[in-house]
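The next block holds one structure in the form of structure tokens; read it before the comments.
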Amino acid sequence: MIEGNPNGGLTFCIAALIVSLTSIFCAIVIRKKKSLKNTLLLVLLLIVLFDSCTGIASYIAYNYDFPYAIKFFVCYLSKYIYYATHFLMMPVLLYYIIVVCGILHLFSKRFRVAFAIPMAVLETVLFSNPMTQLAFTAQSDLVFHRGPVVYAAYILSAFYFILCVLLLVRYWKSINHLKKGAMVYFLSLAIMGVIIQMLFPTITCELLCESIGLMGIMIILEKDDDRVDSGTGLYNRMALLQDIKNYIGLNRSFRTICVRIENADAYINITGYADFDSIIKQISKYLFDVADKYDVYISGVACFYILCLDGNESESNKLAYAIRDRFDRGWLLEDNQMNINALIMCAGTPDMFNSEEDILMLSEAHIEDTGKNLLIDHDLDFLLRKIEVEKAIVRGMNENYFKVKYRPIFDKSGNKVCGAEALLNLDDAVLGVISFSEFMGVAEKSGFAEEIENRMIGSILKFTGELLEENPDCINFIMVHTVSDKVISKELVGVVREYAKQYNVDLSKIALDINDNVLYVETDSVDYVIERLSEDGVRIFMGNYKNDSMGVRYDMLSGFNGVIVNIKHFMETTGGSKRGIILKNRMDMLRQINKTVAVSGVDSFEYYDKMKDIYADYIWGDYLSPAVSKIEFVEIAKAGRV
């Protein structure tokens with residue numbers, strides 16, 4: 001079969017040369033930093049460039065008045081270089097697609113070598129062509145004929161192409177829809193040129209189709225303006241979410257470095273937005289340069305992420321220490337050095353953080369000031385616990401793991417049950433029992449406190465309605481706690497009224513415990529809640545009344561029906577041998593201003609015995625009765641005693 005003489009396809013070769021040269025220039029200009037993906041694309045473009053040059057060289061040698069020996073040498077060498085390089089295009093393209101899809105880690109070194117062996121054999125045979133004539137032969141009139149090696153190369157290239165398609169289909173999710181369509185179109189264009197030239201050798205359009213296809217791939221896949229933050233040049237939050245999701249979805253291990261500037265709002269107020277933006281750009285440039293092997297992202301106003309792929313733990317830790325040391329030196333603002341308080345966190349995936357939500361928590365979670373500005377791996381165990389507790393809260397609300405238990409409230413003698421203290425519990429299917437203080441601390445930071453309070457009130461009022469419908473006089477009241485200061489809002493009144501109407505509850509049978517801390521903040525909301533619910537008959541108690549509550553003025557107590565004193569806490573935190581006298585005087589004072597006194601924390605006989613000489617209306621604690629289920633409390637309420 002005649003492959004053709006060098007006289008055909010000059011226009012195609014020149015066009016392919018121009019397109020490939022332009023693409024190489026653009027690929028170099030638009031790349032942010034050296035990467036394997038960018039390098040592989042440049043290799044493909046260089047192959048097309050060299051092959052275009054061989055076609056042009058063949059044409060010049062064939063058509064100009066050179067000695068026959070020179071013509072033969074140039075044409076033969078050009079064909080030799082063409083096959084030697086062109087055979088490599090499909091394996092390199094396969095490698096490029098693997099890198100684009102982010103699945104290089106799925107192929108072991110042995111597997112990669114196995115895929116390269118057939119092409120290595122072909123290249124070896126090609127290099128022996130002057131002796132074996134297996135790749136191509138040349139006649140005296142400079143007409144070339146394809147040999148069996150060329151057809152074997154086409155068959156092998158078809159195999160590699162099928163692998164490319166299979167990988168793209170299998171790992172479709174790692175490329176967005178726009179890029180999927182572009183990849184299919186431009187890849188098909190390049191392959192179509194190969195097929196046409198294989199079937200019709202005189203139509204030498206292969207190089208032009210390949211160069212145009214590669215240019216399209218370069219523009220779509222390498223130019224990622226939609227992923228770049230315009231102000232800093234770093235990748236934006238959308239790119240961060242997309243990449244993290246892809247890496248986790250592909251089971252790819254990586255390490256995350258989060259650089260979080262603490263109190264960014266305060267810095268903006270001090271320096272002004274323009275100056276702070278100047279500092280952010282300095283920090284961005286430094287992180288981009290120092291993390292030369294990895295991608296750097298900006299999330300929000302002043303939080304940066306570095307995803308360390310294919311890097312070991314020591315490399316990422318070394319980078320984290322370098323960043324910490326750089327922040328210790330301060331940043332130049334005009335002619336002055338400004339110290340920026342940054343917290344650097346470094347941890348691995350999936351070793352510690354195994355979801356995108358967990359990783360993003362690094363930029364958002366409240367972290368207590370420990371005096372350390374660098375937290376690595378197990379330094380972040382407390383944050384992992386917060387993440388797990390937050391997940392447990394969500395599961396609790398979705399799967400009804402939150403339960404309300406009821407601790408009986410007794411009269412002063414401790415003989416008669418007068419009511420119940422409603423206590424919220426979380427018994428998670430994964431973490432087990434989580435203490436109230438722990439899950440509410442997380443709920444406050446994550447915004448779940450109000451929803452938890454509303455659901456708890458609904459559960460309590462439903463139970464109260466059912467209990468009082470059958471036994472109207474079995475209790476005086478049920479004590480409902482406000483789980484957090486943040487739930488004291490005007491909306492709370494509407495929630496209580498709505499549930500009371502729904503479950504037909506007499507609100508005079510409900511007592512609301514409001515922590516004394518809220519008296520110093522949001523007083524308008526507190527006054528509104530106290531005033532409106534008191535009008536409905538709800539008894540309002542001030543909770544957490546302890547040894548340091550003397551700061552509460554008596555006029556602040558005017559809207560409260562009573563006060564809850566935790567005797568255990570009071571006795572353990574009040575110094576001196578006269579704490580019993582102090583407690584007695586405090587109770588007498590409350591009685592004189594006509595406040596109902598409820599004593600909690602009666603958890604031992606010692607505290608129960610102290611109540612003999614101390615004024616109180618109601619008492620409760622573990623010594624008298626632990627918290628029990630709804631069914632158990634109904635039996636206790638009917639009997640009037642434990």
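Values below: all heavy atoms of this structure, side chains included; hydrogens, waters and symmetry mates excluded. Residues take their numbers from the sequence shown, with the count starting at 1.
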Test side chain to side chain donor-acceptor pair (under 3.5 Å) applied to Arg260 and Ser363, step by step:
CA-CA 6 Å; Arg260 194 172 87 179; Ser363 66; over 6 Å; no

Output for pair (Ile280 CD1, Ile298 CD1), nearest 0.5 Å, gives 6.0 Å

Check whether Glu390 reaches the backbone of Ala443 with its side chain - one donor and one acceptor, N or O, closer than 3.5 Å.
no

Look up atom OG1 in Thr54 and atom CG in Leu49, then write down how far apart they are to the nearest 0.5 Å.
10.0 Å

Heavy-atom check, side chain of Arg385 versus side chain of Glu438, under 4.5 Å
yes

CG-CG distance between Asn354 and Asn251, expressed to the nearest 0.5 angstrom:
11.0 Å

Short N-O contact, Lys391 and Asp358, less than 4.0 angstrom:
yes

Should the pair Asp243-Arg227 be classified as a salt bridge under the 4.0 Å nitrogen-to-oxygen rule?
yes

Measuring from atom CZ of Phe327 to atom CG of Asn373, what distance do you get when rounded to the nearest 0.5 angstrom?
10.0 Å

Determine yes or no for a side-chain-to-main-chain donor-acceptor pair under 3.5 angstrom, with Lys486 supplying the side chain and Glu444 the backbone.
yes

Tyr297 ring center near Tyr305 ring center (under 6.0 Å):
no

Side-chain donor-acceptor pair present, Thr232, Asp229, cut-off under 3.5 Å
yes

Partner of Leu41 by side chain to side chain contact (heavy atoms under 4.5 Å, CB included), out of Asn38, Leu45, Val43
Leu45

Asp328 side chain near Asp325 side chain, heavy-atom distance below 4.5 Å:
yes

Side chain to side chain contact (heavy atoms under 4.5 Å, CB included) between Ser20 and Leu214: does it pass, once the steps are laid out?
CA-CA 8 Å; Ser20 58; Leu214 291 174; over 6 Å; no

Minimum heavy-atom separation for Cys13 to Ser52, with atom names?
O-CB, 3.5 Å

Is a side-chain N or O of Asp275 found less than 3.5 angstrom from the main chain of Gly272, in a donor-acceptor match?
no

Looking only at non-hydrogen atoms, find the nearest pair between Pro91 and Met119 and report the distance.
CG-CE, 3.6 Å

Take Leu360 and Leu240 through the side chain to side chain contact (heavy atoms under 4.5 Å, CB included) test and state the conclusion after the steps.
CA-CA 9 Å; Leu360 292 176; Leu240 174 66; 3.9 Å; yes

Sidechain-backbone polar pair: Asn236 side chain, Ala239 backbone, donor-acceptor under 3.5 Å:
yes

Taking NZ, NE, NH1 and NH2 as the nitrogens, is one of them in Asp428 or Arg395 under 4.0 Å from a carboxylate oxygen of the other?
yes

List the steps and the verdict of salt bridge (charged side-chain N to carboxylate O under 4.0 Å, His left out) for Lys403 and Asp427.
CA-CA 8 Å; Lys403 303 293 181 184; Asp427 189 356; over 6 Å; no

Before you tell me yes or no, could you show the steps for Phe161 and Leu93 under side chain to side chain contact (heavy atoms under 4.5 Å, CB included), namely the whole-Å CA-CA distance, both residues' side-chain angles and the distance that decides it to 0.1 Å?
CA-CA 9 Å; Phe161 175 71; Leu93 181 61; 5.8 Å; no

Between the side chains of Arg455 and Glu451, is the shortest nitrogen-to-carboxylate-oxygen separation below 4.0 Å, so that they form an ion pair?
yes

What's the spacing between Cys346 SG and Glu313 CD if we round to 0.5 Å?
8.0 Å

Tell me if a side-chain donor or acceptor on Asn400 pairs with a main-chain N or O of Gly396 at a distance below 3.5 Å.
no

Side-chain donor-acceptor contact under 3.5 Å, Glu315 with Tyr294:
yes

Determine the interplanar angle of the Phe276 and Tyr267 rings, folded into 0 to 90°, and report it as parallel if under 30°, tilted if 30 to 60°, perpendicular if over 60°.
parallel

Rounded to the nearest 0.5 angstrom, the CG-CE distance for Leu156 and Met90 is 9.5 Å

Quick check on Lys445: does its NZ atom have over 12 non-hydrogen neighbours (other residues, nucleotides or ligands) under 6.0 Å away?
yes

Could you tell me which non-hydrogen atom of Ser211 sits nearest to which non-hydrogen atom of Val48, and how far apart they are?
CB-CG1, 3.7 Å

Counting C-beta onward and ignoring hydrogens, is there a side-chain heavy-atom pair between Asn425 and Tyr401 closer than 4.5 Å?
no

Spell out, as yes or no, whether a donor-acceptor pair under 3.5 Å connects the side chain of Ser108 to the backbone of Phe111.
yes

I want to check something: taking the side chain as every heavy atom from C-beta on, are Ile340 and Met338 in contact at a cut-off of under 4.5 Å?
yes

Would you please indicate yes or no on a ring centroid separation below 6.0 angstrom for Phe304 and Tyr286?
no

Regarding Arg252 and the six-membered ring of Tyr247, is the cationic atom NZ or CZ under 6.0 Å from the ring centre and inside 45° of its axis?
yes

With a 4.5 Å limit on heavy-atom distance, are the side chains of Leu380 and Phe353 in contact?
yes

Examine the side chains of Gln337 and Arg329 and answer whether a donor and an acceptor come within less than 3.5 Å of each other.
no

